[in-house]
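Comments concern the structure below.
Side chains are part of it too, since the values below use all heavy atoms of this structure and drop only hydrogens, waters and symmetry mates. Numbers restart at 1 for each chain; the letters A, B, ... are given by sequence-line order, proteins then strands. Because the structure is a prediction, the values reported are computed rather than measured.
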Amino acid sequence: MSKVDKLWLWFHRMASPAYFYNIAGRLLPWIAVATIILMLVGSVGGLVYAPADYQQGDGFRIIYVHVPSAWMSMFVYMVMAVNSAIFLIWHIKLSDIVARSSAVIGASFTFLALVTGSIWGKPMWGTWWIWDARLTSELILLFLYLGYIGLRSAIDDRRVAGRAAGILALVGAINIPIIHYSVVWWNTLHQPASVSKLDNPSIELSMLIPLLSMALAFKLFYLFIVLVNSRSELLEQEKRSQWVKELVTSQ
Amino acid sequence: MNYRNAFMAMLIRDLRIAFRQRAEIMLPVIFFVVVVSLFPLAISPDPAVLKTIGPGVIWVAALLSVLMSLQNLFRSDFDDGAIEQILLSPYPGALLVLARVLAQWCVTGLPLILISPLLGLLLHLDFHIIKVLFVSLLLGVPYLSMVGAIGVALTVGLRQAGALLSLLVLPLYVPVLIFGSNAVVSAAKDMSYNGQLLWLSALLVIATTLGPFVISSALKVSCSYR
Amino acid sequence: MNYRNAFMAMLIRDLRIAFRQRAEIMLPVIFFVVVVSLFPLAISPDPAVLKTIGPGVIWVAALLSVLMSLQNLFRSDFDDGAIEQILLSPYPGALLVLARVLAQWCVTGLPLILISPLLGLLLHLDFHIIKVLFVSLLLGVPYLSMVGAIGVALTVGLRQAGALLSLLVLPLYVPVLIFGSNAVVSAAKDMSYNGQLLWLSALLVIATTLGPFVISSALKVSCSYR
Amino acid sequence: MNRPVSSGNAELLAENLSYEINDKLILTDLSLAVRSGEILFIEGGNGSGKTTLLRILCGLMQADEGRISWNGESIQSALLDCYQQLTYIGHATGVKSDLTTIENIRFFSAISGLPASSDIQSALEWVGLSGYENSPGRHLSYGQQRRIALSRLMINSSLLWILDEPFAGLDKKMIEKLQDRFVEHADDGGLLILTSHQSIDLNKMNSIRIHLGN
Amino acid sequence: MNRPVSSGNAELLAENLSYEINDKLILTDLSLAVRSGEILFIEGGNGSGKTTLLRILCGLMQADEGRISWNGESIQSALLDCYQQLTYIGHATGVKSDLTTIENIRFFSAISGLPASSDIQSALEWVGLSGYENSPGRHLSYGQQRRIALSRLMINSSLLWILDEPFAGLDKKMIEKLQDRFVEHADDGGLLILTSHQSIDLNKMNSIRIHLGN
Ligand code: HEM
Ligand SMILES: Nc1ncnc2c1ncn2[C@@H]1O[C@H](COP(=O)(O)OP(=O)(O)OP(=O)(O)O)[C@@H](O)[C@H]1O
Ligand SMILES: Nc1ncnc2c1ncn2[C@@H]1O[C@H](COP(=O)(O)OP(=O)(O)OP(=O)(O)O)[C@@H](O)[C@H]1O
Ligand SMILES: [Mg+2]
Ligand SMILES: [Mg+2]
């Protein structure tokens, strides 16, 4: 058996609902614990141990929510697009479930990034909002998420909703880099209204560790939500299949 | 015969349909937000510029959102034949039509008004200007709905109704647009804006008293041919 | 089997329908003109102000007109069942869909581009700026039609399609809006605008080559439930 | 089930109706009369003008010439009274695709001026939609949607029924039931005007036939 | 009139189809086969799943389980070949309200891959629309619009016809003609799948019946 074949085999096993259900069930508690620990490390580290910024005072501590959620907002869209592609090409239902549960949480991360950014922006720039490249792209990303969610909720046949929204996610994914670069380029042309302090390369270790652990915690939290969603969704979708019947009778 | 019952039945039906299609409630608002945010991209992100064009842009966007949300006001009733049942009802058409427009306003006009302060912030408007903007929209948007509904009733039987509708309705929207955006501009210049708001109220009263009758007879005409 | 015949049959059918409903040809243009002329009313009639906001306003208005005119792209085919016949045709869906979008563009996009210089004059733009505006619209509007058609194909089975359509499509319009309006702004500042026009061309090529396939598969999905 | 309010001697009279559209004469000098207890069956090939006639009779369209009267009064002046006595069901059903069966029926009965207490449950059973109470209209088949519209014939207490192809899309069992209901309505003193391409057995009823077209 | 291109031994086979929507099982483990010269008549009350089945058979909807094959090949892989052999007419007719009768028919024949020379005039006469050549669709009655859609059955040379209630809205004369055409099609080696609530006389044909629902 070649390596590629082995990979395929693994892939198919993972995609088999019963197998996935069990594995996910066993992983969940671990993920939950890890999320909580990392979250604690991040917040204690960020709120207590990290020094106050010499310029921004304690206000900067919102970074520990803002930056991870901003990172997640883009990451989750990528996950969603990849899974949509898998669903459209190979008709693997699990991918559709992942894409769907990603949408809402991705939109929430994006919203959180926008809100925390604005809150931070008020003391920083004296205004809640500027039409800075990164901020604008983030706003458009929120619209893309909302479009995806809107389309999904407007179609009440689950199978069709998955395919239609999948097409949308892919078209959106092709567009994201284009949108991003057009906005960046537009901004440099215009001379941004006020100097954005988003690009701040120098960062101390005592700030970096809590930041990274928060980022990891956000990722795990996302994974947790997706797995929980997928499990209940799988039961729902496969309720007539043999393994669900066995599962129900065994309990 | 119970007028209140019929009115409520119509109102509840429409609210119910709207809430079933959850998207319908959010979408005109989102359209509003998206259209407003196109302008900084198309014109300039400079706060000074945005401050001057802000009130006008928000008013035009509100007007277009109302227009957009109205397009399907009677469409589905027309397509599935419910409009014939409404016209053949023993209750006065104006009553049922009023309920229909009211439901539409609750679902699309109101959220739009409520979100407008946020857009004011995005365009860097000051707080006291946002207040005036809010009041002017509160008075103006119901007028837009009512007058728009007349246009919809006239065009509902036609295929390319959307564009024709805007042609009919936008000229009627001009006075409200002028008074509304002017009130805000005056406020920005620390001038009095009570006159404009009074005009808006007057237009609103006229529209809501005469509107339902005009709409119901327009509907009758639209249904009398195929 | 004759691919050219099928393509022409579709194209001619749609052009014929459009010319039968004479209004359809004029209306997106009129909408365009009316929306643009709302801005001097809502913001300020001052030529200096209009000059700065002009390019952006014309671009946003063009974008909204295209969106408005697209709403019924597949609606009537969907309602009367013609779409099923198109999907069950032995010819590739992308071919027929391309003909459909092309017809739509001839009927609504083209007139809109042709009238834009006039609106430029209304907003006091200089002649050489109007030239750039014209070229940017010529490159940008077909992209808007093609990408918009994807959104239409995805939402055609839905009731409140109009507003959802704009939410799906407007974010995808952002790059074109930026490049298009910026080309004009750069021209006004005597800066080079070739880069923007190149970007617009590149986007156009991508959209027209991939678009038809995406649209036809989206249509298939939309038709597979009720 | 409610009985028609007054079973007296209601009469719908149409005299010398003419209707022309785009230079095509569709109805020429047509007269008809229906009285309490009568069923008027309008026959005619495709395109003979049946739908047009029914829409004119219930006031949705205006004839170019001729007059229609309800109980002796011209229909224009007696409009509201007439509407209270009228149930019209056309090719389109008026069923909202987002409302459930129950909500659809309740809305119809509310705007046609019926008391809220009307026995909706038995109407539902009559049209064979029990089990579908809470399905939104768009989830129903063509025939099931038509059944919702027809359920009004069970709740309704109006005198004059004008039905355009009421049997279209229905299965045989439902057609039977509907025919029985028509007889019952006529026996109660109601008036009924209908069209259909299906040859139905109206012999047991007090029916008149009109043939449109050549 | 054209004859089907190959009258060999075409076969449409569906095995173990299941379809579920919103937790409602509409088709369960349904199998059927139609061969050249056969007519499959699908019966069933309102809401029994006839329309759903036909749409699945012609590939507009996907079954949740089961497979459909055309001449031994799975329909997914033989899609284009199958579409060339398929004529589907559903509840909706696809008639454009702004095109004239002739233009409508010509468009249909163009996109279904027929030669432009097809004898449209005789098809028009067959459906009894001569005199309406230049009337736009919106000026036609419901039955006349359906006739335009059905005119394709005269021009068409495809083997497999899938028709959802072809008789709906037609008057008796047209129903007769249509039935004769069905027999002819079967005799020429065509396949036909249809539903109808009207009890039609299919005895003279080589017909199979399937009953859906309880
Ligand atoms: C509404 C306002 C804001 C939005 C939408 C926003 C959005 C974002 C986004 C999308 C990122 C991720 C960028 C990437 O990984 O490439 C980010 C990172 C970041 N943001 Fe914000 N931001 C906002 C306001 C602010 C403010 C006011 C500050 C503080 C001055 C700030 C500081 C940062 C920092 C330090 C990073 C990490 C930088 C990096 O990863 O390179 N943000 N923000
Ligand atoms: N989206 C949906 N959700 C739930 N049920 C649905 C949905 N779509 C259709 N159905 C159900 O599927 C069943 C079959 O519908 P279908 O249109 O195939 O029936 P039919 O046999 O063609 O009936 P008719 O004779 O009335 O045309 C109906 O009972 C309907 O309620
Ligand atoms: N706007 C119009 N212009 C020209 N002719 C029209 C117009 N509207 C309808 N007609 C014609 O009027 C005639 C009657 O149409 P109507 O719908 O009343 O027929 P019908 O008897 O109900 O037919 P069906 O049995 O098919 O339902 C048809 O021949 C149609 O062509
Ligand atoms: Mg008729
Ligand atoms: Mg059916």
Rounded at 0.5 Å granularity, tell me how far [atom1] in [X] sits from [atom2] in [Y].
| X | Y | atom1 | atom2 | value |
| --- | --- | --- | --- | --- |
| D:D98 | B:D14 | CG | CG | 11.0 Å |
| D:L60 | B:L88 | CG | CG | 4.5 Å |
| D:L99 | B:I17 | CG | CD1 | 4.0 Å |
| B:Q85 | D:T87 | CD | OG1 | 8.0 Å |

Enumerate the salt bridge (Lys or Arg N to Asp or Glu O under 4.0 Å) contacts for residues 12-28 of chain D, please, sequence neighbours excluded, ordered by first and then second residue.
D:E15-D:R67

Decide if atom NZ of D:K177 counts as having more than 12 heavy atoms of other residues, nucleotides or ligands within a radius under 6.0 Å.
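Atom NZ in D:K177 is packed in, count exceeds 12.
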
Please check if the number of heavy atoms outside D:E125 that lie under 6.0 Å from its CD is greater than 12.
yes

Which answer fits B:M10, side chain, backbone, both or neither, if we ask what part of it has an atom under 4.5 Å from a heavy atom of chain D?
both

The interface call for B:I83 against chain D, heavy-atom contacts under 4.5 Å, is neither

Results of salt bridge (charged side-chain N to carboxylate O under 4.0 Å, His left out) for B:R13 - residues two or more places apart only
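In terms of salt bridge (charged side-chain N to carboxylate O under 4.0 Å, His left out), with neighbours along the sequence ignored, B:R13 is linked to B:D77.
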
Shortest non-hydrogen contact between B:C223 and D:R55, atoms and distance
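Here B:C223 and D:R55 meet closest at O-NH2, 2.8 Å.
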
Using every non-hydrogen atom in the two residues, find where D:A110 and B:A6 come nearest and quote the distance to one decimal.
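What the structure gives for the nearest pair is O-CB, 4.4 Å.
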
What verdict does the side chain to side chain contact (heavy atoms under 4.5 Å, CB included) test give for B:D80 and D:V95, after you've listed the backbone C-alpha separation in whole Å, the side-chain angles of each residue and the deciding distance to 0.1 Å?
CA-CA 7 Å; B:D80 65 19; D:V95 170; over 6 Å; no

Is it the side chain or the backbone of D:Y88 that comes within 4.5 Å of chain B heavy atoms, both, or neither?
both

